[in-house]
Amino acid sequence: VGHSRMNKTLNSNWFRLSSFQIFDLMFNQRNIHELTCLFTIVVILTCQCLADDGYEMDDFLKREHSLTKPYQGVGFSSSSHWDLMGNAIITTEHVRLTPDLQSRQGAVWSRVPCYLRDWELQVHFKIHGQGKKNLNGDGMALWYTKERMQTGPVFGNMNLFTGLGVFLDTYPTENNNHERVFPYVSGMVGNGTLAYEHDRDGQSTELGGCTALVRNIPHDTFLLIRYTKNRLTIQIDVDGKQQWRDCLDLPGVRLPQGYFFGASSVTGDLSDNHDLISMKLYQLTVERPQEVEELTVPSVDNFEQLNKVEVQEEGMSGVQLFFTIVFSIIRIVLLGVVVVVMYGRWKENSPKRFY
């Protein structure tokens, strides 16, 4: 009887222990499952955030339109995707469009036309040189245009271009331009007949822009161009914070497909090193209507109302102001002399009274 009771007790304890272990195992498995799901969600959200910020989008990277180290696709071979032009050279660290020397011009152009409707271009660049502030120039430009491998006055590229130009202007050409601080980033859409006015720093045709202190700074500098659903967005990351800052955001921009990406730079009497470290093009997936308008000429909706830059009369120089004041004083003195003479003659001719 004693053995029987002992066996029952052992069996009961073993059953309780087994039940507890099974419950604990199930509980742990449930926790592991929940933790796994939570970790998966966190990873997905993190990847999405990184993708939105534009730093991790390798799945959408279009390598045939991208320029990255070690620049194996740049050169003159038949398998190259990019062409060099002018004084541009390749190093292990960058593509130098122009060196810090006077009167240099260089460019790099894609050979492959881009037929993506929605895209994002991230550019890693560096502008630096020996010149002091306001004694450097002239800047660089990024292009998505119908024409390629052309030279001209617009940061080394042709004027009257067809497509999109984004300019990193480091030197103010217009002397009385007090409305903006340089270096300055701006955008322009050309239709083949619209001219970039270099003497006015392109103000009459720009779509907007922002100040970007990008010269001779110790950290990396980036620029982002996004085109999706006929909306052009330009952002910059030049503060070393790995955060995009808005520069231009404009709807109603219409760019045809099949244009070429490129970058160019030019120096004149003033100079800088203009280095292109990478250009990465990403395809963006967005919902679109079934019928999509086919474009043949670039345009911007309501461009006349959008561009409110008016041609202002130039202010007078110091010499002009001096002579203006002198001539005004002379006119006043002459007028006074004429008045005195006329008054004297009137007094002489007036009848005299005798008492």
ask   = Checking side chain to side chain contact (heavy atoms under 4.5 Å, CB included) for the pair Val123/Ser278: CA distance, chi angles, key distance, verdict?
value = CA-CA 6 Å; Val123 182; Ser278 68; over 6 Å; no
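- Side-chain atoms of Lys229 and Val286, non-hydrogen and from C-beta on, do get closer than 4.5 Å to each other.
- Counting only distance, with no hydrogens or angles, the side chain of Asp239 and the backbone of Lys241 share no donor-acceptor pair below 3.5 Å.
- At least one side-chain heavy atom of Val185 sits under 4.5 Å from a side-chain heavy atom of Ile234.
- Classified by interplanar angle (parallel below 30°, tilted 30° to 60°, perpendicular above 60°), the ring pair Trp119/Tyr227 is tilted.
- A donor-acceptor contact shorter than 3.5 Å is absent between the side chain of Asp246 and the backbone of Asp249.
- Looking at Thr285 and Asp118, their side chains never come closer than 4.5 Å, going by heavy atoms from C-beta outward.
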ask   = Should Arg180 and Gln203 be marked as a side chain to side chain contact (heavy atoms under 4.5 Å, CB included) after you check the CA-CA gap, both sets of side-chain angles, and the distance that decides it?
value = CA-CA 11 Å; Arg180 59 182 59 177; Gln203 290 189 67; 3.6 Å; yes
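- Each of Arg96, Arg215, Lys126 was evaluated against Asp272; a single residue qualifies, Arg215, per the salt bridge (charged side-chain N to carboxylate O under 4.0 Å, His left out) test.
- Side-chain atoms of Ser80 and Val74, non-hydrogen and from C-beta on, never get closer than 4.5 Å to each other.
- A 4.5 Å side-chain heavy-atom check between Val181 and Thr211 finds at least one atom pair inside the cut-off.
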Side chain to side chain contact (heavy atoms under 4.5 Å, CB included) evaluation trace for Met85 with Met149 = CA-CA 7 Å; Met85 185 177 177; Met149 300 293 287; 4.0 Å; yes
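- Contact of the Val108 side chain with the Leu276 side chain is registered, since non-hydrogen atoms from C-beta on lie closer than 4.5 Å.
- Between Tyr282 and Lys62, the closest side-chain pair of non-hydrogen atoms is not below 4.5 Å.
- With hydrogens and angles ignored, the 3.5 Å screen pairs a side-chain donor or acceptor of Arg104 with a backbone N or O of Gln102.
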task = Might you work through the salt bridge (Lys or Arg N to Asp or Glu O under 4.0 Å) test for Arg148 and Asp83, ending with a clear yes or no?
result = CA-CA 10 Å; Arg148 63 183 296 272; Asp83 285 323; 2.7 Å; yes
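- Only one option out of Phe182, Tyr184, Tyr196 pairs with Phe167 in a ring-ring contact (aromatic ring centres under 6.0 Å, His included); it is Tyr196.
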task = Report the C-alpha distance between Glu93 and Lys69 in whole Å, list the side-chain angles of each, state the deciding distance to 0.1 Å, and finish with yes or no for salt bridge (Lys or Arg N to Asp or Glu O under 4.0 Å).
result = CA-CA 7 Å; Glu93 298 299 323; Lys69 298 178 184 179; 2.9 Å; yes
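- Using modelled atom types and a 3.5 Å distance limit, the side chains of Thr151 and Gln105 yield no donor-acceptor pair.
- Here the side chains of Phe60 and Leu284 are not in contact, with every heavy-atom distance at 4.5 Å or above.
- Interatomic distance, Leu84 CG to Leu97 CG, rounded to the nearest 0.5 Å: 9.0 Å.
- The distance from atom CZ of Phe125 to atom CG of Leu142, rounded to the nearest 0.5 Å, is 8.0 Å.
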Side-chain donor/acceptor pairs under 3.5 Å, residues 254-265, sequence neighbours excluded:
| unit_1 | atom_1 | unit_2 | atom_2 | d |
| --- | --- | --- | --- | --- |
| Arg254 | NE | Asp301 | OD1 | 3.1 |
| Arg254 | NH2 | Asp301 | OD2 | 2.9 |
| Gln257 | OE1 | Arg117 | NH1 | 3.2 |
| Gln257 | OE1 | Arg117 | NH2 | 3.4 |
| Gln257 | NE2 | Tyr115 | O | 2.5 |
| Ser264 | OG | Trp143 | NE1 | 2.8 |
| Ser264 | OG | Phe155 | O | 2.7 |
| Ser265 | OG | Thr98 | OG1 | 3.2 |
| Ser265 | OG | Gly139 | O | 2.9 |
| Ser265 | OG | His274 | ND1 | 2.9 |

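- Scanning all heavy atoms of the two residues, the minimum distance from Leu232 to Leu248 falls at O-CD2, 3.7 Å.
- Checked against His128 for a side chain to side chain donor-acceptor pair (under 3.5 Å), the options Thr221, Asp275, Asp100, Asn136 give a single hit: Asp275.
- Here the shortest heavy-atom pairing between Ile236 and Ala212 reads CD1-CB, 3.7 Å.
- Across every non-hydrogen atom of Ser66 and Leu281, the tightest pair is OG-N, 3.0 Å.
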request  = For side chain to side chain contact (heavy atoms under 4.5 Å, CB included), just list the numbers for Asp237 and Gln243, CA-CA rounded to whole Å, side-chain angles, deciding distance to a tenth of an Å, and then say yes or no.
outcome  = CA-CA 6 Å; Asp237 176 8; Gln243 294 179 351; 5.5 Å; no
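- Between the side chain of Ser271 and the backbone N or O of Thr267 there is no donor-acceptor pair closer than 3.5 Å.
- Not one N or O on the side chain of Ser110 forms a donor-acceptor pair closer than 3.5 Å with the backbone of His65.
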message = If you apply the rule side chain to side chain donor-acceptor pair (under 3.5 Å), what do you find for Ser204 with Glu197, and how did you get there?
response = CA-CA 7 Å; Ser204 60; Glu197 297 182 358; 3.2 Å; yes
